[in-house]
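Following: one structure in structure tokens, then a few remarks.
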Amino acid sequence: MIARRKPGRLLSRAFFEDPPERVAPRLLGKILAHRTRSGILAGRIVEVEAYLGPHNNPPDPAAHTHRGPTPRNQVLFGPAGFAYIYSIYGRYFCANVSCEAEGQGGGILLRALEPLSGMEQMARNRGLKPGAPARMLTSGPGRLCEALGLTRPTHNGLDLLDSASPLQVRDDGFMTTEALVTVRIGITHAADWPLRFTLEGNHCVSGPRSLTGQRILLR
DNA sequence: CTGTGGATTTGCT
DNA sequence: GCAAATCCACAGG
């Protein structure tokens, strides 16, 4: 007998219509779900990073939107709650969610999930044996996309809040009280800005365990 | 834990 | 044309 997970409910557009540094911590504990022919691949969001739009002062030099709209980043300048997926280092994809008001260019990078359903298919997608540890499936932005089967050609620009969309962010009622805030990973500019948010202690969080930071209370 | 190499898309000059 | 890039796998200590 397979236990059916609580699917949760879709989030509202308003949830995402705030600056990235405010939406990012709010996203912790929510669920990213991909409906595929081979089942639902889903996990709880345990690590995110905020990337600020170019209207900020000073602008965020690490953000893809830093120099304004381009063909690649146009989704980030659209309405909030859409998937921005880009390719990186020739081998991987990374998934983001557009946020704040249309035209503002804010985004949130999804860096790690705790797998909830479809682990066997995730392992296949990642080229691992069934039963591979959760960490190896969805810990890291490239791994996360590979595990869920997300690519730019098929998933960039999808509405994450639409009941008909194959890719959604959902809320199953999971409550968190505290987040750890650290600097972002893998960037060279604005390397000291505290814009990475994690569920401290969750073993699917990527990156060095030694990264220290401030704890904040979640509303 | 650290270091290092693979690999290609993007956008600027 | 080229440098940079929101990375990952693997080897070695």
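None of the values given here were measured: they were computed from a predicted structure. Chain A is the first sequence line, chain B the second, and so forth, proteins listed ahead of strands; every chain is numbered from 1.
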Pair listing, side chain to side chain donor-acceptor pair (under 3.5 Å) test, anchored in residues 83-92 of chain A, at least two apart: A/His64-A/Tyr84

Close residues, residues 49-61 of chain A, relative to DNA chain C [heavy-atom separation under 4.0 Å]: A/Tyr51

Sidechain N-carboxylate O distance under 4.0 Å for A/Arg111, A/Glu49: yes

Which residues share a salt bridge (Lys or Arg N to Asp or Glu O under 4.0 Å) with A/Arg44, sequence neighbours left out: A/Asp172

Strand DNA chain C as a dot-bracket string - pairs counted if Watson-Crick or G-U with both distances under 3.5 Å, | where the partner lies in another strand: |||||.||||||.

Distance in angstrom units between A/Ile88 CD1 and C/dA4 P, rounded: 14 Å

Interatomic distance, A/Ile185 CD1 vs B/dT2 P [rounded to whole Å]: 12 Å

With A/Asn56 via side-chain hydrogen bond (donor to acceptor under 3.5 Å, both in side chains) - residues at least two apart: none

Pairs meeting criterion ring pair (Phe, Tyr, Trp, His ring centres under 6.0 Å) with involvement of residues 24-59 of chain A, two or more places apart: A/His34-A/His155

Letter per nucleotide, 5' to 3', of nucleotides 8-13 of chain C [B base touched, S only sugar-phosphate touched, - untouched; heavy atoms, 4.0 Å]: SS----

Residues forming a side-chain hydrogen bond (donor to acceptor under 3.5 Å, both in side chains) with A/Glu21, sequence neighbours excluded: none

Nucleotide B/dT2, atom C1' - distance to CG of A/Leu211 in whole Å: 15 Å

Any A/His66 side-chain N or O less than 4.0 Å from OP1/OP2 of B/dG11: no

Value in whole Å for how far the P atom of B/dT9 lies from CG of A/Asn73: 18 Å

Nearest-Å distance for atom pair CZ/P, residues A/Arg184 and C/dA5: 12 Å

Sequence-distant partners of A/Glu114, salt bridge (Lys or Arg N to Asp or Glu O under 4.0 Å), two or more places apart: none

Residue closer to the 5' end of DNA chain B, A/Pro71 versus A/Tyr89 (nearest nucleotide): A/Tyr89

Residues that A/Arg126 engages under salt bridge (Lys or Arg N to Asp or Glu O under 4.0 Å), provided they are two or more places apart: A/Glu146

B/dG11 phosphate, OP1 or OP2, under 4.0 Å from A/Thr70 side-chain N/O: yes

side-chain N/O A/Thr188 vs C/dA5 OP1/OP2, d < 4.0 Å: yes

For atom CZ of A/Arg196 and atom P of C/dC7, their distance in whole Å: 11 Å

A/Thr36 and A/Gln121: side chain donor to acceptor below 3.5 Å: no

Listed once per pair and sorted, the side chain to side chain donor-acceptor pair (under 3.5 Å) pairs that draw on residues 133-144 of chain A, sequence neighbours left out: none

Any residue meeting salt bridge (Lys or Arg N to Asp or Glu O under 4.0 Å) with A/Arg13, in chain and number order, not counting sequence neighbours: A/Asp159

